[in-house]
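Chain letters run A, B, ... following the sequence lines, proteins first, then strands; residues in each count from 1.
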There are 2 protein chains.
Amino acid sequence: MARAGLTADRLTAAAADLADEVGFENVTLSALARRFGVKDASLYAHVRNLRDLRTRVAFLAGGEMIDRIAAAVAGRAGKDALAAFADAYREYALERPGRYAATQIRIDQNLVADSAALRRTAEITYGMLRAYGLEEPDLTDAVRLLRSTFHGYCALEASGGFGAPRDVRASWEQAVAALHVALEHWPRRDQKEKDA
Amino acid sequence: MARAGLTADRLTAAAADLADEVGFENVTLSALARRFGVKDASLYAHVRNLRDLRTRVAFLAGGEMIDRIAAAVAGRAGKDALAAFADAYREYALERPGRYAATQIRIDQNLVADSAALRRTAEITYGMLRAYGLEEPDLTDAVRLLRSTFHGYCALEASGGFGAPRDVRASWEQAVAALHVALEHWPRRDQKEKDA
DNA sequence: TGAGTAAACCTAGTGCCTCTAGGTTACAGC
DNA sequence: GCTGTAACCTAGAGGCACTAGGTTTACTCA
């Protein structure tokens, strides 16, 4: 009988699609094999195991996501860039929930080190923040704040955590505006005392 | 032979402990049964299924967490209250990672409606924000911002998402300080124009 | 063109998991 | 002590990840 033509890349792409349909944690090798009309044991020739497949999906999604964000941010600065970054982030997370979930898994530190997508993400994020005139360690603190809020918001929104009738997109815009304010009036260590 | 004395509550508590040890997603009914020296089929007399058990753990953890937060916030206001809330939140999430993960699962909307813990959480959160003089819908937006940042930060920290050498606790304190600034200079709709 | 070979894919099987149906046994209250 | 109701059991179906080892396809190159 004809071969299915499996490769690691085709499996990864199909797994990503499957994740968007049924949820990342419901992606199984069996279901993936079924989708290709193949026995599950056959997949192990292309992918080490489920963990390996998940990691591949994570890198695929991470790359796609930063491409979108980079395109959105290009040519913008300050509040404009922040809003573009934020919206591109959230749109990806909502549009491709399975892929987005993949980007949040714990990944082997060795693999993280030589990931072009992750380096690019860091570059673009730090670059976007340049307009606010922060220096280390505030810069890293600010990056962590943004990542946390963006991720937390998308995670809560995707899991139905926002029950109130208030429009979810409007709250998002307010949150981004609030982050912009926080970045502009970034609390310095010496300012902390007089605030209290 | 002697009975194990199973009840839904004992199972829930043991499942919560197990979750903190091996991770919430690795809690299985089989492992739980093993811990009680009992066959897994026996658990179904006390708990409907795995989903039911997970939900019970979620409510247990949610209650514990808001108790801690309420105690921390009691008698404080403004920035003090915010910091106390934030620290109690993060400490719980780091100390009891399995339980914390449980609080993030999607829960049947009917059960959500009559959960005392959730009502209490909402009360305390909104109460804490009263000092900032916000009104609806800004109040809800602010609550969503706080929840997002708190959850996102803890999720990223717990999953090893913060690679930079910068101290994770220091970044947290900066994030909370930045949120305080954002709440104090909350961007109103009419202010938005002149900001741009 | 046909033999050799590497890979793609398969069968068979283990062990862990959830969950159901239906049987036995300990224990509380009479 | 009897009895009924749990509490707990055995047995079993079906899904999943993963391994070992066999067969087949399709490509290369003489």
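- In plain terms, the two heavy atoms of B:P97 and B:D20 that are nearest each other are N-OD1, 3.4 Å.
- Taking the six-membered ring where the residue is Trp, B:F150 and B:W172 present tilted rings, their angle falling between 30° and 60°.
- Using a 4.0 Å cutoff on non-hydrogen atoms, the parts of residues 14-38 of chain A near DNA chain D are A:T28, A:L29, A:S30, A:R34, ordered by number.
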(message) One pair to check against side chain to side chain contact (heavy atoms under 4.5 Å, CB included): A:V112 and A:L118. What are the steps and the verdict?
(response) CA-CA 7 Å; A:V112 166; A:L118 279 171; 3.8 Å; yes

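- Atom CG of A:D80 and atom CZ of A:F85 lie 14.5 Å apart (nearest 0.5 Å).
- One can place NZ of A:K39 at 14 Å from C1' of C:dG13, the figure rounded to the nearest angstrom.
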(request) Take B:H151 and A:Y153, measure what side chain to side chain donor-acceptor pair (under 3.5 Å) needs, and give me the verdict at the end. (result) CA-CA 8 Å; B:H151 168 53; A:Y153 199 98; over 6 Å; no

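- A rotation axis mapping the C1' atoms of four pairs onto the next four is fitted at both ends of the helix from C:dT1-D:dA30 to C:dC30-D:dG1 over five pairs, and the angle between these axes is 10° to 10 degrees.
- In the set C:dC9, D:dC18, C:dT11, C:dC9 carries the atom at the smallest distance from any side-chain atom of A:L6.
- One atom, CG of A:D40, and another, P of D:dT19, lie 12 Å apart when rounded to the nearest Å.
- Phosphate proximity of D:dC9 to B:S42: present, with a side-chain N or O under 4.0 Å from OP1 or OP2.
- The side chain of B:H46 contributes an N or O atom lying less than 4.0 Å from OP1 or OP2 of D:dC8.
- The separation between B:R54 atom CZ and C:dT18 atom C1' is 11 Å, rounded to whole Å.
- With no hydrogens or angles considered, a side-chain donor-acceptor pair links A:Y89 and A:Y100 at under 3.5 Å.
- Note: CZ (B:R10) to P (D:dA7) measures 12 Å, nearest angstrom.
- Between the OH atom of A:Y44 and the P atom of D:dC16 there is a distance of 11 Å, given to the nearest Å.
- Rounded to whole Å, the distance from CG on B:L43 to P on C:dC17 is 12 Å.
- Side-chain polar atoms of A:T149 and B:S148 form no donor-acceptor pair below 3.5 angstrom.
- Within the 4.0 angstrom heavy-atom criterion, base atoms lie near A:A41.
- Atoms CG (B:L53) and P (C:dC19) sit 10 Å apart, rounded to a whole Å.
- Straight-line distance from the CG atom of B:N49 to the P atom of D:dG14: 19 Å, rounded to whole Å.
- Checked against side-chain hydrogen bond (donor to acceptor under 3.5 Å, both in side chains), A:S171 has the following partners two or more places apart in sequence or in another chain: B:D141, B:R144.
- Taking 4.0 Å as the cut-off between side-chain N and carboxylate O, B:E21 and B:R35 count as a salt-bridged pair.
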